[in-house]
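Data first, discussion second: the structure below is written as structure tokens.
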Amino acid sequence: MARVSIKVNGKDEACEIKPRTLLVEFLRDHLGLTGTHVGCDTTQCGCCIVLIDGKAVNSCTMLAVQANGADVTTIEGLADGGKLHPMQAAFREHHALQCGFCTPGFIMSALELVAKKKNPTEADIRYGLLGNMCRCTGYENIIKAVKAGAEAMARVG
Amino acid sequence: MDDFNYHEPRTLAEAAVVLHAARNGVYIAGGMSLIPALKHRRVRPSDLIDLRLIDGLAGIRREADTLVIGAMTKHADVAGLDIVRNSIPDLARLVGEMADPSVRNRATLGGSIAHADPASDYPPALLALEAIIVTDTRRIAAAEFFTGPFTTGLRKGEIITAVNFPIPDNAAYVKFANVASRYAIVGVFVARRAGKVCVAVTGAKPCVFRFGEMERALENSFTPDAIKAIVMSAQGLTADIHGTPEYRAHLIGVMAQRAVASAAAKPRPA
Ligand SMILES: Cc1cc2nc3c(=O)[nH]c(=O)nc-3n(C[C@H](O)[C@H](O)[C@H](O)COP(=O)(O)OP(=O)(O)OC[C@H]3O[C@@H](n4cnc5c(N)ncnc54)[C@H](O)[C@@H]3O)c2cc1C
Ligand code: FES
Ligand code: FES
């Protein structure tokens, strides 16, 4: 067993886990944060993306022990009480989801993208979302939503 | 995935001691190639030794005419930092076209070259730039490092600490990428330094290789036309679902000519 202490959505989580525990298993099975999804389990789809110290990473291809001491943000950490984060609101507004399975991963990738570049162009957005797959929407509305979400985030400051 | 013991050594010496003491110790860097192998039980370590807390393994610096990149430096940093763009711009571009952003946030230079996938993008850059791989015990020329598919000249327990890239006068990398993974179906890195030209090819054989005939022609005339008539034999080239050996032979010519055109148009930044 290994002892990890990981800050998840602002809360310190200290646990004894098996070293082979994937970060996504730690989030979903140990903490009950099931908003982070497993689509492929092979680093292809991006459904499992969370932010670690602000960087988008595939939690299906990271051991929880590798995140020891880090600051993790999942989709559950974005809304402020009942109020959606501007990027979440933009996805809803622009019909950027149908089944919604891919949405948490897209939103986490979008947040790193906007943190790096406040006003991303369409090309920036497509490049930044290369690691995310959606089987429903055809992507167009996702691109629109990220652009609108970025603008809304810039307005909020 | 099987169970294993997990270690977080703070120094290179400690890491090597743990590895040699273990029944089957394996180092882990970004884990982007190793964790999939653990899931498939292709690799079954008794002990996993994480290199992430060892000081001095990540970071990029310029020493005179050499760019030194630490083994634990993530792809995202090589692709994004001005120090790389200003000295070997096509190295930054090559890394920025590997995989996708979330993989680049974790995968490292050391892990990439130790893994030595025959379709990987770093190996042709190291080979064409005549890079030196620095380990905890010695220095290895790129030409001696890549020895076969998923095999290198590293000894048991040896840890890559950095790679020294001599800065070329002209360089460019052009690849025909697998659209799903972005690994190279064929990629060609061309570099020229002090009149010497190196052409390195990835994706086309079980191991990255140099194409000497093109190099000699380009030393006479560094133009795409100089290599137009040089065709690689399809014999020994990879056949898989992405392409036949003949197709790959054709791609090598096309990618090489594009790389030369691009390199010739981009002399070394001041
Ligand atoms: C979806 C996806 C797409 C990809 N696309 C591309 C692509 O387009 N082009 C490309 O080139 N690559 C691609 N890769 C591979 C990526 O670059 C790898 O993750 C990389 O090859 C391994 O780096 P790592 O830091 O994750 O190493 P790990 O997975 O941690 O380790 C790999 C191997 O190297 C050993 N090792 C690690 N560091 C050291 C060291 N310092 N000294 C000695 N041994 C060490 C480990 O023991 C292990 O055997 C892709 C990967 C994924 C998951
Ligand atoms: S579940 Fe992690 S990338 Fe698909
Ligand atoms: S909304 Fe269904 S996979 Fe994207």
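In what follows, every chain begins at residue 1, and chains take the letters A, B, ... in the order their sequences are listed. All heavy atoms count here, side chains included; hydrogens, waters and symmetry mates do not. Just so you know, these numbers come straight off a predicted model, no measurement behind them.
Both the backbone and the side chain of A:Leu63 come within contact range of chain B, with heavy atoms under 4.5 Å apart. Both the backbone and the side chain of A:Thr61 come within contact range of chain B, with heavy atoms under 4.5 Å apart. At a 4.5 Å heavy-atom cutoff, the contact between B:Ile28 and chain A is made by side-chain atoms alone. Contacts of A:Asn68 with chain B are made by both backbone and side-chain atoms, with heavy-atom separations under 4.5 Å. Looking at B:Leu48, the atoms closer than 4.5 Å to chain A (heavy atoms on both sides) all sit in the side chain, from C-beta outward.
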> When you look at A:Asn58 and B:Met32, which way does the side-chain contact (heavy atoms from CB on, under 4.5 Å) test go after all the steps?
Replying inline: CA-CA 9 Å; A:Asn58 301 85; B:Met32 301 309 286; 4.1 Å; yes

> Between A:Gln44 and B:Asp100, does a side-chain contact (heavy atoms from CB on, under 4.5 Å) hold up when you go through it step by step?
Replying inline: CA-CA 9 Å; A:Gln44 312 286 325; B:Asp100 58 55; over 6 Å; no

> Can B:Arg106 and A:Lys55 be said to form a side-chain contact (heavy atoms from CB on, under 4.5 Å), step by step?
Replying inline: CA-CA 9 Å; B:Arg106 297 285 306 154; A:Lys55 306 262 199 247; over 6 Å; no

> Run the side-chain contact (heavy atoms from CB on, under 4.5 Å) check on A:Asp41 and B:Lys39 step by step: do they pass?
Replying inline: CA-CA 9 Å; A:Asp41 199 24; B:Lys39 289 184 183 178; 2.6 Å; yes

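A distance of 9.5 Å separates OH in B:Tyr6 from CD1 in A:Ile17, rounded to the nearest 0.5 Å. Remark: A:Leu22 CG to B:Ile35 CD1 distance equals 7.0 Å, nearest 0.5 Å. Once rounded to the nearest 0.5 Å, the distance linking CD of A:Glu112 with OG of B:Ser102 reads 8.5 Å.
When each of B:Leu38, B:Asn5, B:Asp2 is scored by its heavy-atom pairs under 4.5 Å with chain A, the top score falls to B:Asp2.
Residues from residues 86-105 of chain A never place a non-hydrogen atom less than 4.5 Å from a non-hydrogen atom of chain B.
Annotation for A:Arg3: atom CZ counts as buried by contact number, over 12 foreign heavy atoms lying within 6.0 Å. Atom CG of B:Asp55 has 12 or fewer heavy atoms from other residues, nucleotides or ligands within 6.0 Å.
Heavy-atom minimum distance, B:Pro36 versus A:Thr43: CG-OG1, 4.4 Å. Residues B:Glu8 and A:Val65 share a closest heavy-atom pair of OE2-O, 4.3 Å.
Contact of the A:Leu130 side chain with the B:Pro101 side chain is registered, since non-hydrogen atoms from C-beta on lie closer than 4.5 Å.
Listed for the A:Arg20 side chain is a donor-acceptor partner under 3.5 Å among the backbone atoms of B:Met1.
By the 4.0 Å N-to-carboxylate-O rule, B:Asp3 lies close enough to A:Lys18 to be salt-bridged with it.
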